[in-house]
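Here the structure is laid out as structure tokens; the discussion comes afterwards.
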Amino acid sequence: MVGSSKAIEKVFHAIIRCAEVESPVLITGETGVGKEVTARAIHFQSARNKKPFVAVNCGALPASLLESELFGHVKGAFTGAISNRPGLFRESEGGALFLDEIGDMEKRLQVKLLRAIQENEIRPVGEDKSYKINLRIICATNQAAEAVG
């Protein structure tokens, strides 16, 4: 990222502040303003920078597929589940999971995501046990902050 205006300096400062803490981050802004670039900058300035940065566009996948992509699934959990899949949460272990367009996510799935963030554990689709997770969640939306959730 390059720039020298007051506005971009505020963004740079916010990236550094966010990189220094472990809490989840929500980035808001219009389409095309660089939310994913900002998320990557936060990750690569953080202590987790040697671990994976995994990105998914939540608005590009139907809810049923998104749940399986995020949380994983076990063989036979649904038609087409021909093998176990760990999911993006577990693939991001130790690093960061970037959830782009989180505001487009179905409410039911937002509730499951909230539980994962609060409890630091996930349960794959069709699984009868939960798995502890250790990762940073960075989310982005082009919706107004008041409208998210």
Side-chain angles (χ1 to χ4, degrees), residues 1-74 83-127 129-149:
M1 296 175 72
V2 179
S4 60
S5 70
K6 290 280 188 200
I8 199 70
E9 285 180 17
K10 287 173 101 175
V11 171
F12 292 156
H13 184 67
I15 287 169
I16 297 301
R17 283 194 345 249
C18 289
E20 293 172 345
V21 297
E22 283 289 315
S23 60
V25 175
L26 176 64
I27 302 167
T28 61
E30 297 173 15
T31 300
V33 298
K35 294 182 294 292
E36 184 168 349
V37 172
T38 301
R40 287 181 184 277
I42 291 168
H43 173 68
F44 289 110
Q45 292 293 320
S46 78
R48 294 179 178 268
N49 65 5
K50 302 281 191 262
K51 298 292 184 173
F53 177 89
V54 178
V56 62
N57 184 329
C58 298
L61 298 171
S64 58
L65 181 56
L66 182 59
E67 181 176 14
S68 175
E69 281 292 304
L70 291 175
F71 299 97
H73 64 261
V74 295
S83 64
N84 292 345
R85 183 165 186 322
L88 298 178
F89 273 97
R90 290 169 62 197
E91 289 177 19
S92 305
E93 184 64 24
L97 178 59
F98 175 59
L99 303 173
D100 198 8
E101 301 310 341
I102 191 86
D104 295 339
M105 184 184 283
E106 190 177 272
K107 299 288 188 216
R108 176 190 65 79
L109 203 46
Q110 287 184 19
V111 171
K112 191 169 181 179
L113 174 63
L114 178 60
R115 178 152 179 83
I117 292 170
Q118 288 176 332
E119 304 300 324
N120 292 318
E121 65 181 31
I122 53 122
R123 181 175 293 198
V125 177
E127 179 69 82
K129 73 175 202 173
S130 296
Y131 295 88
K132 284 296 196 184
I133 53 172
N134 173 20
L135 61 114
R136 174 103 182 260
I137 305 286
I138 304 175
C139 302
T141 184
N142 63 11
Q143 298 180 16
E146 307 82 50
V148 176

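This chain uses plain numbering: 1 for the first residue, then up along the sequence.
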Candidate pair Val56 and Leu99, rule side-chain contact (heavy atoms from CB on, under 4.5 Å), full reasoning: CA-CA 5 Å; Val56 62; Leu99 303 173; 3.5 Å; yes
Heavy-atom nearest pair, Gly95 first then Arg48, reads O-CD, 3.4 Å
Kindly compute the distance separating CD1 (Ile133) from CG (Leu97), expressed to the nearest 0.5 Å. 8.5 Å
Interatomic distance, CD1@Ile102 vs OG1@Thr141, rounded to 0.5 Å, equals 8.5 Å
Within the side chain of Arg90, is there an N or O that forms a donor-acceptor pair under 3.5 Å with the backbone of Arg85? no
Output the distance between atom NZ (Lys6) and atom NZ (Lys10), rounded to the nearest 0.5 Å. 10.0 Å
For Ile122 and Ala116 the tightest heavy-atom approach is CG2-CB, 3.7 Å
Would you call the rings of Phe53 and Phe44 parallel, tilted or perpendicular, where under 30° means parallel and over 60° means perpendicular? tilted
For Cys58 versus Glu101, what's the shortest heavy-atom pair and its separation? CB-O, 3.7 Å
To the nearest 0.5 Å, atom CD1 of Ile117 lies from atom CD of Gln110 at 10.0 Å
Run Glu106 and Lys112 through salt bridge (charged side-chain N to carboxylate O under 4.0 Å, His left out) and show every step you take. CA-CA 10 Å; Glu106 190 177 272; Lys112 191 169 181 179; over 6 Å; no
Does Lys51 form a side-chain contact (heavy atoms from CB on, under 4.5 Å) with Leu135? I'd like the steps, not just the answer. CA-CA 9 Å; Lys51 298 292 184 173; Leu135 61 114; over 6 Å; no
Output for pair (Phe98 CZ, Ile42 CD1), nearest 0.5 Å, gives 9.0 Å
Name all residues meeting the side-chain hydrogen bond (donor to acceptor under 3.5 Å, both in side chains) criterion together with Glu119; count only those two or more places apart in sequence or in a different chain, and write none if there are none. none
Is a side-chain N or O of Lys35 found less than 3.5 angstrom from the main chain of Glu30, in a donor-acceptor match? yes
In chain order, what residues pass the side-chain hydrogen bond (donor to acceptor under 3.5 Å, both in side chains) check against Glu93, with sequence neighbours excluded? none
Kindly say whether Ala19 contributes a backbone atom to a donor-acceptor pair with the side chain of His43 at under 3.5 angstrom? no
Residue pair Leu88 / Ser92: nearest heavy atoms and the distance that separates them: O-OG, 2.7 Å
Does Arg123 use its side chain to pair, donor to acceptor, with the backbone of Tyr131 at less than 3.5 Å? no
Distance-only, no hydrogens or angles: does the Gln143 side chain make a donor-acceptor pair with backbone N or O of Gly103 under 3.5 Å? yes
I need the Ser46 OG to Glu20 CD distance, nearest 0.5 Å. 10.5 Å
Partner residues of Phe89 under the ring pair (Phe, Tyr, Trp, His ring centres under 6.0 Å) criterion, sequence neighbours left out: Phe71
Apply side-chain contact (heavy atoms from CB on, under 4.5 Å) to residues Arg17 and His13 and explain how you reach the verdict. CA-CA 6 Å; Arg17 283 194 345 249; His13 184 67; 3.2 Å; yes
For atom NZ of Lys50, is the number of surrounding heavy atoms from other residues, nucleotides or ligands below 6.0 Å larger than 12? no
